[in-house]
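Notes to accompany the following structure.
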Amino acid sequence: MLNALDNLMLEKVADMHDIPKGAYNIRKNGEGIQKNTTENIDIITKKDRPGIDVIIKPNTKKESVYIPVIVTEQGITDVVYNTFEIGENADVEIIAGCGIHNSGDNKSQHDGIHEFFINKGAHIKYIEKHYGQGEGTGKKVLNPKTIIHAKENTTVELELIQIMGIDNTVRDTEIQLYDGAKLIITERLLTNIEQKAKSNITVELLGENSSAQIISRSVAQGKSEQTYYFDLIGKNKCRGHIQCDAIIMDDAVITSTPKISAHHSDAQLVHEAAIGKLESVQLIKLMSIGLTEKEAEDTILKGFLK
Amino acid sequence: MLELKDISLSVENKANILNKVNLKLLDKKIYVITGPNGSGKSSLARIIMGISTPTAGNIIFNGQDITQLDITQRAHLGIGYAFQSPPRFKGIKVRELLNLSMSSGSGEDKICDLLYSVGLCSQEYLDRDMDASLSGGEIKRIEIASILARNLKLAVFDEPEAGIDLWSFNRLAETFKEMHEKTNATIVLISHQEKILELADEIILVANGGIERNIPKEDILRKGFIDDKCKCRANCGKAGDKNAECIG
Ligand SMILES: Nc1ncnc2c1ncn2[C@@H]1O[C@H](COP(=O)(O)OP(=O)(O)O)[C@@H](O)[C@H]1O
Ligand SMILES: [Mg+2]
């Protein structure tokens with residue numbers, strides 16, 4: 001059912017070298033094509049609109065769910081609504097990710113709207129990789145929307161990665177953190193040629209002792225454009241830290257808009273943002289141990305985006 | 001093995017940082033370059049590595065004029081430079097940097113030896129990122145290791161003592177001695193440190209845009225010209241502390 005191209009795309013976006021052992025749902029060109037559930041993880045296809053409900057039982061430990069999406073045809077606009085219900089004290093990894101292969105001249109687009117209900121004490125790691133390829137002029141577009149309700153004492157780790165081949169992306173992330181909830185977002189973005197990427201992250205620290213850490217690193221090359229908007233809202237005794245670090249090259253444009261607002265005298269919010277070019281002393285160091293300028297540049301960027 | 005011919009360096013707002021410097025270094029010797037802060041020691045080293053381009057003059061390396069060669073080309077000829085203020089890297093591990101430095105085919109054992117020789121425990125450091133989480137002294141020692149890793153004909157170490165505690169420093173002095181005994185490299189140490197001065201086959205003084213050769217070690221230690229001439233040190237309360245790093 002999966003061909004070589006499918007397998008390549010699955011490997012790129014979900015590090016899947018094989019059909020995973022546990023729960024998974026593979027969506028291709030707008031349709032669910034293969035799925036598996038386990039005793040603790042159920043995946044139900046929605047009746048009212050495209051998408052799935054992923055239901056993870058309380059206390060499920062060390063299991064993973066793979067829910068990759070691949071688009072291999074041109075001219076497709078795939079909109080999908082996924083809902084995740086994570087049971088109390090579960091500890092799971094969710095590997096999403098979307099790959100588009102577009103060899104035609106018409107646009108291919110995937111909009112994934114993901115909503116997470118994370119119940120008390122649960123820990124999730126959510127990894128979303130975006131990747132595009134294909135020689136046609138058709139645009140490859142990905143617009144993910146992620147909404148997370150993190151209940152008491154949950155830990156939420158998000159890894160949002162887009163390294164290659166997406167022409168246009170608007171990424172919206174909205175998160176609510178209740179008492180003792182802890183959020184860590186790692187965002188990595190590389191754009192080149194005329195690609196455009198927009199990332200809006202809004203975090204509401206509603207609960208006492210909730211905390212959020214957002215580490216965004218990006219590289220903009222060619223004539224690409226990146227726009228960031230971070231909004232951290234502290235409504236209780238809480239801690240929030242945004243660290244946004246961008247390397248700008250060629251004729252790229254990067255705009256980063258930080259916003260922090262405190263509605264409580266014990267809210268501690270920090271925003272750090274830096275945009276700059278590759279540090280020449282780093283290049284010189286690597287060249288002085290024998291790398292060419294190009295190799296040095298690649299090594300630095302690869303590390304930076306790791 | 002290395003010959004500097006009438007090397008001069010001026011920059012926009014500073015003329016004659018170096019003024020017609022002539023210097024010949026021989027194979028397999030240890031040279032210590034010393035001199036007041038801002039006298040042009042690092043500039044000289046950067047010119048040798050190809051990081052700075054001299055305003056005038058030529059650089060001959062084993063018979064070849066390398067004045068026009070870039071940094072990478074000089075690295076391939078076997079020239080190495082340990083930075084006075086090494087850069088940090090986000091997302092690059094100590095292991096990766098050392099691997100990049102080493103000639104291919106060297107294994108993990110070699111990396112452990114290298115870290116040990118600069119007084120670092122490999123288990124603790126190999127998987128650390130080369131970022132701001134490392135202290136200045138740690139970064140500095142890894143920088144030195146990255147030069148020891150290479151199979152060099154000419155190795156220049158720029159103030160290796162800076163930021164390094166005394167115990168590790170003694171270890172480091174041993175390391176330079178070993179390097180001298182076990183390899184054929186010509187070693188240039190930019191330093192004010194007595195332990196390092198003691199290693200020298202010859203001490204070279206850089207001052208006022210020029211160099212003086214064959215300075216007796218005793219002169220430097222006795223006169224303590226570094227303390228005298230460094231205005232910063234006179235004002236900063238570190239006066240008299242020979243091991244204090246002076247950030248001029
Ligand atoms: N790129 C530069 N621009 C301006 N001044 C410089 C530059 N490089 C070096 N200098 C100046 O040249 C002098 C010598 O510097 P340096 O070689 O670093 O001295 P040292 O290593 O002996 O302390 C200093 O006064 C320094 O400020
Ligand atoms: Mg110097």
Side-chain angles (χ1 to χ4, degrees), chain A residues 127 129 159-164 184-190 213-220 241-249 254 256 270 272-306, chain B residues 42 45-53 69-104 127-132 139-140 142-152 154-158:
Chain A
I127 303 167
K129 270 193 204 166
E159 275 179 27
L160 311 171
I161 302 157
Q162 177 183 312
I163 300 297
M164 232 186 108
I184 302 161
I185 300 182
T186 317
E187 181 176 54
R188 297 287 182 265
L189 226 119
L190 174 91
Q213 186 181 17
I214 301 169
I215 305 158
S216 167
R217 282 195 200 155
S218 70
V219 177
H241 191 168
I242 305 170
Q243 212 180 320
C244 174
D245 212 339
I247 294 179
I248 184 160
M249 299 169 76
I254 303 175
S256 180
V270 179
E272 292 174 81
I275 302 173
K277 54 178 187 187
L278 267 177
E279 275 185 57
S280 63
V281 53
Q282 293 180 333
L283 286 170
I284 291 169
K285 168 65 197 169
L286 294 183
M287 284 155 71
S288 74
I289 57 174
L291 278 67
T292 63
E293 189 166 356
K294 180 80 179 62
E295 287 165 346
E297 190 178 295
D298 289 347
T299 304
I300 296 165
L301 294 181
K302 208 172 125 211
F304 183 72
L305 290 172
K306 201 166 58 189
Chain B
S42 294
R46 292 162 63 86
I47 285 171
I48 294 171
M49 188 70 241
I51 299 168
S52 303
T53 311
L69 297 191
D70 66 21
I71 303 172
T72 311
Q73 289 168 320
R74 295 190 203 194
H76 287 296
L77 288 179
I79 300 176
Y81 172 58
F83 287 40
Q84 182 172 357
S85 309
R88 294 162 196 271
F89 296 89
K90 287 181 179 157
I92 295 183
K93 291 190 191 310
V94 172
R95 177 201 306 277
E96 292 167 291
L97 184 80
L98 293 178
N99 263 324
L100 286 171
S101 305
M102 285 193 309
S103 42
S104 58
D127 290 312
R128 294 275 299 271
D129 268 357
M130 294 280 303
D131 62 10
I139 285 280
K140 189 77 188 178
I142 293 159
E143 172 71 6
I144 294 166
S146 79
I147 299 308
L148 296 173
R150 305 188 57 223
N151 205 350
L152 293 173
L154 172 64
V156 184
F157 297 89
D158 199 344

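By convention in this document, chain letters (A, B, ...) are assigned in the order of the sequence lines, proteins followed by strands, and residues within each chain are numbered from 1. Keep in mind the model is a prediction, meaning the values are calculated, not measured.
Residues forming a side chain to side chain contact (heavy atoms under 4.5 Å, CB included) with A/I248 (at least two apart in sequence, or on another chain): A/A252, A/I254, A/I275.
Proximity to chain A (any heavy atom under 4.5 Å) is shown, for B/F89, by both the backbone and the side chain. Using a 4.5 Å cut-off between heavy atoms, B/L97 contacts chain A through both its backbone and its side chain. With a 4.5 Å cut-off on non-hydrogen atoms, B/I51 touches chain A through its side chain but not through its backbone.
Of all the heavy atoms in A/V281 and B/P87, the pair that sits closest is O-CG, 3.7 Å.
Note that the CD1 atom of B/I71 and the CD1 atom of A/I284 stand 5.0 Å from one another [nearest 0.5 Å].
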Please tabulate, one pair per line, the donor and acceptor atoms of chain B and chain A that lie under 3.5 Å from each other, or say none if there are none.
from	atom 1	to	atom 2	distance (Å)
A/D245	OD2	B/K90	NZ	2.1
A/Q282	NE2	B/R88	O	2.6
A/K285	NZ	B/E143	OE1	3.1
A/K285	NZ	B/E143	OE2	3.2
A/K285	NZ	B/S146	OG	2.8
A/S288	O	B/R150	NH1	3.1
A/G290	O	B/H76	NE2	3.0
A/L291	O	B/T72	OG1	2.8
A/F304	N	B/K90	O	3.4
A/K306	NZ	B/G91	O	2.6
A/K306	NZ	B/E96	OE1	3.3

